[in-house]
Amino acid sequence: MLRSVKKLFRSNYLFTFGVIICLAWVTAAVLAPVIAPYDPIAQDLTLRLKAPSTEHLFGTDNFGRDIFSRVIYGGRYSLLAGCLTVIIAGGIGTFYGAIAGYVGGWTDNVMMRISEMILSFPSLILAMIINAVMGSNLFNTMFALVIVAWPTYARLMRSVVLSVKENEYVTASEALGASKVRILLREIIPNSISSVLIMATTDIGNQILMFSTLSFLGLGSAPPTPEWGMMVSDGVDYFNKFWVAGFPGLAIFTMAVGANFIGDGLRDLLDPKLRKEF
Amino acid sequence: MKKRFLAIALSLVMAAGCVACGGGTDNASEGGSGSAEGTEGAAGTSEGGSGTVVVAMGAGFSTLDPGYVYEKYPPLIVNACYENLFKFYDNEGAPEPCLADTYEFSEDNLTLTVKLKDGITFASGNTMTSADVLFSINRCKNLQGNPAFIADTIQSMEAPDEKTIVFHLTQPDSAILSKLTYSALAVLDSAVVKEHGGTDAEDASTTDTAQAYLDTASAGSGMYVMTSYIPDEEVVLEKNPNYWGEATNVDKYIIKIQPDANTQMMTLSTGDIDVALNMTDDTMAELSGAEGVEIINAATKTVGFVMMNMNETYGGPVSNPKVQQAIRKALDYSGMQIICGEGTLTPYSVIQSGFMGSKGERAAEYTNVEEAKALLAEAGYADGLDVDLTVSDLDMEGILLTDLAQKIKDDLSQIGINVNIVSQPWAAGYGDAYRDGTLGFTVMYWGTDYNDPNVQLEFLPGGVVGLRAGWTAEMAPELAAMYQETMSATDNNDRTAVLEKIQDAMYEDGPFIMAVQAPAHIGYNTRLEGVAISDPYALDVTLINIK
């Protein structure tokens with residue numbers, strides 16, 4: 001495994017590139033108080049809407065706040081939302097789908113219809129409704145993202161489980177008298193998880209974008225929290241001052257692209273059908 | 001807001017089209033800048049004559065029947081085509097007689113007698129009589145549309161002769177003259193309106209069918225007549241040939257219903273429009289220094305205010321009068337003015353600057369962080385406090401309330417108050433909580449229903465807004481009593497005196513802080529004179545001349 005990861009780094013430059021970008025953002029987010037030159041929410045109206053300079057690398061916004069510092073801090077929210085959403089939604093979806101697929105019959109039918117109900121709503125609209133009703137803060141936004149995201153995982157997991165449970169080793173375990181829970185946890189899930197992992201890695205980028213979209217629409221944390229999406233929406237009012245919306249926009253772009261490159265690389269590594277020379 | 005980029009792109013295409021077809025038309029303002037037909041036609045015909053003025057204004061309305069007029073922009077048209085007994089000739093101060101010649105209140109202030117001027121004719125040629133006034137006001141009342149509330153204090157009217165109208169009021173109402181200036185109470189040509197299905201009977205709300213006619217033509221005595229109205233597109237006004245008064249030298253107005261600030265900015269700078277009413281701070285910056293364009297930044301009477309609930313259950317620490325004073329002292333009003341843009345100002349107290357009786361602006365030196373800290377310590381919060389500031393997703397004339405909230409948070413952090421902003425959409429609970437008076441600490445805005453300082457009386461204890469802050473009449477009986485005192489003060493000097501007393505009482509105390517009066521930005525072509533901001537009419541076109 002380790003050897004194939006090494007190989008992946010050497011042969012897949014996009015993957016390497018993605019890892020570098022994401023590592024850079026993670027470092028920036030963790031070390032934000034050290035890296036950021038200014039307090040991200042401190043206002044100074046004498047410095048309103050100043051263009052990028054050596055003092056303020058990314059310029060300042062309409063409250064005179066340093067956009068560079070805000071972008072650095074903003075990485076925390078996007079990373080947290082992207083990763084946590086995928087972990088929670090992936091976790092819920094995995095178990096839900098595995099149970100539905102393994103147990104089958106009426107249970108399967110009811111469980112999958114419930115998840116399809118959620119899938120039948122346009123995901124952005126559903127997330128917006130959940131957020132508007134529950135009030136908007138970081139936790140609720142992530143909750144909304146999870147609600148929207150988990151059924152996709154459940155569906156994928158169920159379809160994989162349906163084929164995995166027909167394998168001889170499952171029948172063998174059953175014949176040995178293993179309990180259903182044990183079979184599910186020890187045999188089914190470990191042998192089906194790789195496809196979910198592949199999807200999860202590519203999904204992080206999507207969730208970061210989705211989170212930024214909600215935040216852009218005013219459904220994220222309350223201001224003055226430096227969330228990238230919200231910063232872009234602040235900048236829309238100052239369309240002739242490109243740096244206000246431009247830099248946070250660039251941050252969203254690089255983070256999403258980095259996450260997607262990593263996801264693609266991992267898919268090449270984990271998916272046996274695509275595992276070319278590894 | 002998010003359509004802006006599309007709008008810019010579209011207007012660029014439009015502008016390019018105009019340049020291609022129009023050739024060397026300097027500042028001539030031809031109509032129909034978009035359609036190829038219009039541009040071709042305008043090149044050599046009379047349509048684009050120098051007597052025509054093109055105005056771009058905001059949307060948000062669907063009728064121009066005065067009986068239903070309530071929104072912000074229709075008064076611009078109604079004021080051009082119709083006239084009222086009284087009118088605001090100046091944006092500041094008191095209403096003056098227009099169709100009225102003289103007026104008189106009775107001793108008990110319950111009766112108002114108005115005499116009409118002689119020789120007033122409608123555009124149709126009919127002579128105006130007191131019967132027309134009665135018809136118009138009764139029609140507005142009985143249509144029961146949005147603006148019908150304006151006639152609530154008018155119990156009944158009579159017309160003893162052709163030139164006299166007697167109003168019987170339900171209670172003394174010092175704002176009645178201002179209310180009579182309201183577009184919904186414009187005087188209609190009753191003969192013409194009746195001919196087209198109009199009625200002032202009590203069942204007018206179901207039997208009146210004149211709206212269809214009044215959406216295509218006007219029936220008033222104003223300087224202009226409406227010749228065409230295409231909803232959400234444009235209104236054309238032409239000079240009234242039978243106008244009884246003295247007219248300006250503008251022959252024709254083309255009013256474009258085109259609210260996008262960037263489009264307005266571009267068309268104004270190319271000379272396609274002459275007046276742009278919906279500019280923003282940002283688009284104004286683009287225009288500064290442009291040749292032939294003049295800019296007006298002025299405060300409107302829409303006010304952004306901080307509300308601190310007097311009820312401790314909801315307000316918590318901010319219900320403490322000393323904390324309220326500390327917050328009032330700590331806010332940086334000049335900073336808020338910078339954020340809201342050029343033209344913003346902070347009123348002295350509860351009555352907006354520009355209203356009759358207003359004490360003007362609050363001095364910038366009022367802000368004093370040290371004094372605020374001392375007040376906070378006196379209140380028992382020497383170590384500061386934590387408080388939630390609820391804010392809705394609404395904007396005040398384009399300024400996001402969350403922007404004001406962020407400024408308040410920053411200002412209060414200077415005196416040790418840690419504000420936690422909680423955003424709640426208007427439709428998802430904020431609106432109900434605000435109306436029910438269960439919000440503890442919030443920043444909201446207030447637009448005036450009609451142009452009179454009496455609208456601000458609702459901020460008094462026991463008033464509609466006062467109660468939203470848990471401020472009951474029992475808490476401040478003396479101040480609450482000034483409501484009636486103001487209503488009865490029909491003499492302008494008496495009225496100013498009591499309004500000043502109210503402003504002094506609320507200058508440093510109470511649950512409300514009037515933080516900013518939102519600005520309006522108007523850009524216009526320098527070939528015009530007399531363009532000015534107008535709260536009651538958005539723009540008073542009857543005062544504009546071409547140089």
Side-chain angles (χ1 to χ4, degrees), chain A residues 38-51 60-66 70 128-141 144 213-227 229-242 244-246 249, chain B residues 1-9 261-262 265 280-287 332-341 388-395 398-414 418-430 433 443:
Chain A
Y38 299 90
D39 180 344
I41 62 165
Q43 304 178 2
D44 183 351
L45 294 183
T46 56
L47 293 173
R48 271 183 99 221
L49 300 168
K50 290 269 181 286
T60 58
D61 68 5
N62 64 329
F63 288 98
R65 298 177 293 213
D66 180 51
R70 287 175 70 74
M128 281 170 71
I129 293 169
I130 294 170
N131 222 298
V133 171
M134 295 183 45
S136 46
N137 58 43
L138 186 63
F139 177 79
N140 287 348
T141 308
T213 310
L214 286 176
S215 158
F216 176 87
L217 295 171
L219 296 166
S221 304
T225 313
E227 276 177 14
M230 199 193 309
M231 290 165 73
V232 173
S233 99
D234 286 347
V236 171
D237 282 340
Y238 304 95
F239 74 103
N240 55 351
K241 307 213 162 34
F242 70 91
V244 184
Chain B
M1 194 166 52
K2 271 123 215 170
K3 289 183 191 152
R4 241 183 217 173
F5 299 104
L6 180 66
I8 296 168
N262 284 302
M265 184 261 288
T280 59
D281 219 28
D282 204 38
T283 47
M284 293 305 260
E286 296 278 299
L287 275 184
D332 166 27
Y333 303 101
S334 7
M336 290 191 192
Q337 292 166 17
I338 292 173
I339 287 168
C340 297
D388 281 354
L389 176 70
T390 317
V391 62
S392 69
D393 51 346
L394 301 182
D395 65 283
I399 301 155
L400 286 170
L401 290 175
T402 46
D403 279 3
L404 284 179
Q406 292 186 64
K407 177 67 184 146
I408 292 167
K409 177 184 166 84
D410 197 61
D411 291 347
L412 295 186
S413 71
Q414 313 281 322
N418 178 29
V419 175
N420 174 36
I421 298 176
V422 179
S423 34
Q424 189 176 26
W426 173 267
Y430 184 94
V443 55

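In this text the structure is predicted, and so the values were computed from the model without any measurement. Sequence lines set the chain letters: A, B, ... in the order given, protein chains first and strands last, and positions in each chain run from 1.
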Let me know if D403(B) has heavy atoms under 4.5 Å from chain A in its side chain, its backbone, both or neither.
both
Answer whether the closest heavy-atom distance between the side chains of S215(A) and T141(A) falls below 4.5 Å.
no
Region of Q424(B) that comes under 4.5 Å of a non-hydrogen atom in chain A
neither
Side-chain donor or acceptor of E227(A) paired with backbone N/O of S221(A) under 3.5 Å
yes
Could you tell me whether the side chain of D411(B) reaches within less than 4.5 Å of the side chain of I408(B), counting heavy atoms only?
no
Heavy atoms of R48(A) and T60(A) approach each other most closely as C-OG1, 3.7 Å
With only heavy atoms counted, which part of I41(A) is less than 4.5 Å from chain B, the side chain, the backbone, both or neither?
both
